[in-house]
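Note that the coordinates shown come from a computational prediction; the quantities given were computed from them, not determined experimentally.
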Protein chains: 2
Amino acid sequence: MANSKRVWLFEEANATMRDELGGKGANLAEMSNIGLPVPPGFTITTDTCIAYNKSDGQFPEGLLDEIKTALAAVEAKTGKKLGDPANPLLVSVRSGAKFSMPGMMDTVLNLGLNDETAEALIKLTGNARFVYDSYRRFLMMLSDVAYSDGTNKLAKHDFEHIFYDLKKELGVTEDLDVTADQLKGLCETYKTYIKQQSGKDFPQDPFVQLQDGVEAVFKSWFNDRAKLYRQREKISDDLGTAVNIQSMVFGNQGEDCGTGVAFTRDASNGNNEIFGEYLMNAQGEDVVAGVRTPMPISELKTQNPEIYQEFADICHRLEQHYKDMQDIEFTIEHNKLYILQCRSGKRTGPSAVKIAVDLVNEGLISKEVALARINPELLDQCLHPIIKPGFKYNVLAKGLPAGPGAATGIAVFDAQRAADLGKGGEGKKVILVRADTSPDDLKGMLAAEGVLTERGGMTSHAALVARGFGIPTVAGCSDITVTDRQFVAKGGQVIKEGDYISLNGAFGEVIEGQVQVVDPELTGEFGTLLQWADETRRLGIRTNADTPEDVALAIKLGAEGVGLCRTEHMFFAEERRPVVQAMILAATEEERNAKLAELLPFQREDFKGIFEALGSRPATIRLIDPPLHEFLPSLQTLIEEVATLKAKGTTGAELEAKEKLLSQVESMHEINPMMGLRGCRLSIVFPGIVEMQTRAILEGAIAAKKAGADPHPEIMIPLVGHVNELKAVRSNLERVAKLVVEESGETIDYMFGTMIEIPRAALTSDQIAEEAEFFSFGTNDLTQMTFGFSRDDSDKFLKPYIAQKILPGDPFEAIDQTGVGQLMKISVELAKKVRPNIKLGICGEHGGEPSSIAFCHEIGLNYVSCSPYRVPIARLAAAQANLKDGGSNRDR
Amino acid sequence: MANSKRVWLFEEANATMRDELGGKGANLAEMSNIGLPVPPGFTITTDTCIAYNKSDGQFPEGLLDEIKTALAAVEAKTGKKLGDPANPLLVSVRSGAKFSMPGMMDTVLNLGLNDETAEALIKLTGNARFVYDSYRRFLMMLSDVAYSDGTNKLAKHDFEHIFYDLKKELGVTEDLDVTADQLKGLCETYKTYIKQQSGKDFPQDPFVQLQDGVEAVFKSWFNDRAKLYRQREKISDDLGTAVNIQSMVFGNQGEDCGTGVAFTRDASNGNNEIFGEYLMNAQGEDVVAGVRTPMPISELKTQNPEIYQEFADICHRLEQHYKDMQDIEFTIEHNKLYILQCRSGKRTGPSAVKIAVDLVNEGLISKEVALARINPELLDQCLHPIIKPGFKYNVLAKGLPAGPGAATGIAVFDAQRAADLGKGGEGKKVILVRADTSPDDLKGMLAAEGVLTERGGMTSHAALVARGFGIPTVAGCSDITVTDRQFVAKGGQVIKEGDYISLNGAFGEVIEGQVQVVDPELTGEFGTLLQWADETRRLGIRTNADTPEDVALAIKLGAEGVGLCRTEHMFFAEERRPVVQAMILAATEEERNAKLAELLPFQREDFKGIFEALGSRPATIRLIDPPLHEFLPSLQTLIEEVATLKAKGTTGAELEAKEKLLSQVESMHEINPMMGLRGCRLSIVFPGIVEMQTRAILEGAIAAKKAGADPHPEIMIPLVGHVNELKAVRSNLERVAKLVVEESGETIDYMFGTMIEIPRAALTSDQIAEEAEFFSFGTNDLTQMTFGFSRDDSDKFLKPYIAQKILPGDPFEAIDQTGVGQLMKISVELAKKVRPNIKLGICGEHGGEPSSIAFCHEIGLNYVSCSPYRVPIARLAAAQANLKDGGSNRDR
């Protein structure tokens, strides 16, 4: 580590060095080299951050010398020197990881200021107010990131409180109303306060400031919000952040100065027009933090057409250079434009799709690049519900359309409370309402259906996070005033915690009460992109659906068949439940078969409907799977009821009936039902169930055939662990199938197969493939058994496991390729040896998760199956998997 | 099949042909060939039986011709002809499988008798009574096996009832008091009865009789009692039985005739003296069925010294020939001795050991043969408890010492009732008391602690079965009279169903009430044999033990260390339980740690005791494993209690306390606890537990060291599925270990390892072996997860699975080598790649099961660990595994 170069001048590096220099550093270098107006600077590598954190905060040996050497080059270029009492250089110290993590780590601006350089700067600029404003900001920022330890009140908001008190004392409300002298006094107050809280003077030596700032950025890689963000975004903790040290330019030196953030295209809908915001006489953080509501970038055209044109040219040049939509930070210093940062712009799902398709049409990228570039999960946002057209609603207020989609929930005014009540907490639908949001609010935002902020623009923290995670969001809604646990709309309506409100993210509308929502249209660029995906993927895409309605929806979303129809879901309907209960509790085989006969017409109709909805597409139908007691009344409730009746002295028929039911339910009770009497075990112990279901499937298929469909049932046996189980069910099933064919005179082309969800089935797949014409990997159960994790109970240890990095992620979300995946591979290899053309699919929930889909492609499955709304995601993920594999033709 | 020889004359075959001809057939052939007096005959192969049963009872084409050819050779030798009206040949038709299944299948004697040959035989023998007695037996036997269909009352007991009525009518009680004419009449009655019940005449054509008899034997392979016996004895259903057709000789032609069964050595204790019984003027079945109580063989010496000497010579010759103790059936016809059968004699465990050691000392077999010959399970009988020496008890009656061991239980007089109440049923201790037993009683016998019969000798069905299964048994106890649901002892005591009695199998004693029993001595031949086993085996043998007492017992039985000490078992003691509960329900980490501190001294003492008991032997100690709620009060009981209190209107502290406890227990409740918060998951979520246990182990070891022991703890982490779990526990554990060493100034040489019981751990054993110095296969859980079978709930489907042959056996008894075993193999291979000298063991209950021990040897484990009483079995099984492997030197 000590041997490799740790500090890179912008002009020494380029855009390919993201790993070493982070995205920001690599892009600053690239932009410098293509001649854009980038203030000079240099970058400390990500490895240095890792080394620093591994050594428990030992500042790497020799690093300060390397920094000084690079600094000398910057000083030479700017003609200024750090700490020079005549012409001082000020620098920013900013984090910059390989993957963008907006607002998650620390930044220090104006570094180099001290009592002496402040005076020098006043002489140079003649603007004492600007200098002391910068100085007080610097005192606050460096203290916040480098000297605050969570207990000593040196956090940003503590400083802001002092400033607030000062303004109150002075009788002013705006920062700009505070004079240079008063700001100078504030700086003194700050320094005293720092000494008092930390026991040390604020360092006047710019090199001490620099080292402290660099260390603070290193450390911020492991702050809580950065860790949470990475966990959510699946970014490795091992990457580290680079540190960018760049000479300062100032947007806050007067009215010919300004700062802004813009996207080269509209990040919310993908329209090809520059989209962003700026503030004159402000520093960048004023825009990003959302404290002042900025102007749309289009205003700059009027206000300063020359600068606007220069900026528009740079936007075009950067898009042509990077072949992607860019997110650019700029500063205007005395009418000179500087580019401070550029990166691939975060975008909503719909805009990602539109931009990718447009870039193909513009000839900038190929279809393959377009497909490869979009995170499949983003497509989910294209499927976000919208308010039902024609539904009348009352708009309370309008703000910025910061995140698409419609959302309804109760208003909650505190991030922690939102986290407690919302997703992952009590599961209520909540809308988080805040004056503005900070990175600390992330947890509450993720738990909310939607986010509403009073302040902040389209590029504010709230908006970026909201779009990144597809949370319907209205930002910068100055029509409302947020106070403690309520907000008042401009019309005077008061919304208190717990009141229902709705958001229409796409239009920035805040709505009173609940709204009716409907599904989005799936045409235009979305349709085009998915058509390209279909042309590119090898994997087939099916859906997990149990009703004709779900089947129809999934087909609309691109499903090519049903990969899992859970027949037991058909047993839960109200009119069927008593029959199902009687069937389960039957004392004799005859009684059970009589009840099954009652169920037969229901199931037959179910299957007929599904086959009709499918037309000629295949349907994998799984015979009954769950433990039978799932259909029965709760054992615990019955115990309670019987105890209550007894204690009250009730006797006679009522008690007897309850006691009988209790004893029946008790006899069905299992200690570990997940590994109990379920799946094919039921089919073997109660063969009447298989007989009824086989009959229902085939008779349903025959009825659908008569109605014009072309049904292809694939009958699937769940929970097989030993080939003999399959043999036993098969012989029973084929006997019934033969009977149905004889009775009806119609033949149905059905297949017989099994789920692979028991480790033993995977390990003996050669034997099992002798009997099964197809396999479908039930990775939910396979994960349960392979890990020995009960999904119903794993929360208690899975959460700490993920937090403590014992597991890289939740194995029920993405396939554990090392363990569970290995069993799948073993299974595929063994099965293909015996039956080379065996049809292989997956129907666990992993079938809709992109990394798992890639894995399924890799090990040679024929299709994945997922819930209807995951179908588009799966189509794109499957295309990406085939592209990565070098393939582009379909061969399923 | 049609091409290969299906019928073999005795003189064409030999003893090596057990597979084809069954044990009986092969031995009859062998004896014929070495010149013993065997009545001529031939054998139909086992394959023919299989083919017959597979073809749904189609008599194989051409078989009758082959039989006729063989019969012609027998006729030539005997000078008689089947059905010859002048000099008719009579034959027996007997089953004979590869492995002896005494009394389980069908036999027909006197075949060839019809109205015509009966007359001929009377002329030849001048003994009409003998002929009609033989004829009526034949009518009964062939009807019973060939024409009775379970509904038409042609079973043996129906015929016996007719005979009984006749005797009543005649005013006689003994068979011998019925005259020839009366028997002739009985034959007519039987024939009429057969016609009436079956609608067909009893066949007069001897070839029809022969074919029907052969088919009946074929079919009897699949009768219920034969299937049950094979299941219990793990004999494959695919072997089939041979059919032996042999010319009859008659022990019932007069007082110079007789029949008997004898062992060349004493089958109950192994003493080297001929041991058996005979009856003059009787057919063999009279001895075997136990209807008449026979004479000891020693009486024959007095009664007919010449025949006795001839028989003794044959016994010696057969032992020398077969190099094993033999079980021989003989018949004396007019003072001429015939040998009808010989086979390796069934014996008790103690006698098996003594005979094997004696045969080595006599120079007949090698130590290796001695070791290989004994079924390790038999050793269990050597460990049978005996009545505590000096314990006073009241002997009600004395019978034959048919099965060793002492037993106590309630008297039950019906096999079905014994099955319902006893082992596998309600789990009560029962003694089955019967006048005599038949193969139909098998199920009841297996469920009983002991068996007592009024009639039948040492070779009666009851005695053979009892010894085979190690059931303490007293047979032929004429001191008692069994009537309906009670027996009366000679002293007049009446024992009714439900009264306690005891048996002292070794001495044939029937005892009033319960007795105190103690463990047997483990010296003499038993010690010698196991010493040979120790010299021969490669596998180490450890024990699963949680207390110093169990450890001491296991060491006495040959254990070389502890392979599994379940620390949680130490938490169940009465004074600890409240502390354990408080620890589990602790609201804070501090509270929990305080309770753990209270538990520390107890566990430290436990470990000290175990290390002291072990001396310098190693001990694998597993950290806490089961779900914590196992230590808590029952959730269902609490629900009931709270509901009752509420219904009664109780309020205040009592209800509140119960409700609080209920809510705490509810919060610990899991849907599938077997896959929930247990094992190392507990250690990670509640790290205080690991800290306490590590401290207790090491401080206990230090204390034991100071007391002179040389402890070698191997600390084992349960339920690991991911290497990171092991890493996390290890770093916590090593930190505490370091602390303990620093505090005490003593070092303890401990190892760190893990159980492999989660499929994922097996699949990623290379990663896990990086952290673990040893593995111990937890095959109970590994079987649960690999099959997805909850052991607590699997009864409902495992029983039908085994009955329906879906599984070859209970995978919790013998390792499923195809599935679970494959995971073990994968694990061993991966682990050895990374750590070639890794110590590998097994601590699931399979560690004491011979076929599983052989598998563990095969895949290269270092040791097996089992419960103390299984240790001798494991020692022998391990030796056998190494012999089979060609090895004899120890290299652990």
Looking at chain B, which one of A/P759, A/A647, A/A762 has the largest number of heavy-atom pairs inside 4.5 Å, strictly under?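 Looking at each of A/P759, A/A647, A/A762 in turn, A/P759 comes out on top.
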Side chain / backbone / both / neither for [X] at chain A, heavy atoms under 4.5 Å:
| X | answer |
| --- | --- |
| B/L635 | side chain |
| B/P673 | both |
| B/P627 | neither |

Working to the nearest 0.5 angstrom, can you tell me the gap between A/F752 CZ and A/I717 CD1?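 Separation between the atoms: 4.5 Å.
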Are the side chains of B/L623 and B/L682 in touch, meaning some heavy atoms are under 4.5 Å apart?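 Counting from C-beta outward, B/L623 and B/L682 never come under 4.5 Å.
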Non-hydrogen side-chain atoms of B/L823 and B/L782 separated by less than 4.5 Å: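 Counting from C-beta outward, B/L823 and B/L782 do come under 4.5 Å.
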What closest approach, in Å, do [X] and [Y] show between heavy atoms, and which atom pair accounts for it?
| X | Y | value |
| --- | --- | --- |
| B/C843 | B/G778 | SG-CA, 4.5 Å |
| B/I806 | A/A728 | CD1-CB, 3.9 Å |
| A/L763 | B/G819 | CD1-O, 3.6 Å |

For [X], is it the side chain, the backbone, both or neither that has a heavy atom under 4.5 Å from a heavy atom of chain B?
| X | result |
| --- | --- |
| A/P811 | neither |
| A/L719 | neither |
| A/I826 | side chain |

For chain B against chain A, print all donor and acceptor atom pairs separated by less than 3.5 Å.
| from | atom 1 | to | atom 2 | distance (Å) |
| --- | --- | --- | --- | --- |
| B/S667 | O | A/K796 | NZ | 2.6 |
| B/I671 | N | A/D793 | OD1 | 2.7 |
| B/I671 | N | A/D793 | OD2 | 3.3 |
| B/N672 | N | A/D793 | OD2 | 2.8 |
| B/N672 | OD1 | A/M674 | N | 2.9 |
| B/N672 | ND2 | A/S790 | OG | 3.2 |
| B/N672 | ND2 | A/D792 | OD2 | 3.4 |
| B/M674 | N | A/N672 | OD1 | 2.9 |
| B/M675 | O | A/S790 | N | 2.7 |
| B/R681 | NH1 | A/G788 | O | 2.8 |
| B/R681 | NH2 | A/F787 | O | 3.0 |
| B/R681 | NH2 | A/G788 | O | 2.8 |
| B/N724 | ND2 | A/K805 | O | 3.4 |
| B/N724 | ND2 | A/I806 | O | 2.9 |
| B/E725 | OE2 | A/Y801 | OH | 2.6 |
| B/R760 | N | A/T786 | O | 2.9 |
| B/R760 | NE | A/D816 | OD1 | 3.4 |
| B/R760 | NE | A/D816 | OD2 | 2.7 |
| B/R760 | NH2 | A/D816 | OD1 | 2.8 |
| B/L763 | O | A/Q822 | NE2 | 3.0 |
| B/T786 | O | A/R760 | N | 2.9 |
| B/F787 | O | A/R681 | NH2 | 3.0 |
| B/G788 | O | A/R681 | NH1 | 2.8 |
| B/G788 | O | A/R681 | NH2 | 2.8 |
| B/S790 | N | A/M675 | O | 2.7 |
| B/S790 | OG | A/N672 | ND2 | 3.2 |
| B/D792 | OD2 | A/N672 | ND2 | 3.4 |
| B/D793 | OD1 | A/I671 | N | 2.8 |
| B/D793 | OD2 | A/I671 | N | 3.3 |
| B/D793 | OD2 | A/N672 | N | 2.8 |
| B/K796 | NZ | A/S667 | O | 2.6 |
| B/Y801 | OH | A/E725 | OE2 | 2.6 |
| B/K805 | O | A/N724 | ND2 | 3.4 |
| B/I806 | O | A/N724 | ND2 | 2.9 |
| B/D816 | OD1 | A/R760 | NE | 3.4 |
| B/D816 | OD1 | A/R760 | NH2 | 2.7 |
| B/D816 | OD2 | A/R760 | NE | 2.6 |
| B/Q822 | NE2 | A/L763 | O | 3.0 |

Please enumerate all residues that pass ring-ring contact (aromatic ring centres under 6.0 Å, His included) together with A/F789, with sequence neighbours excluded.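 If we apply the ring-ring contact (aromatic ring centres under 6.0 Å, His included) test to A/F789, skipping adjacent residues, the hits are A/F787, A/F797.
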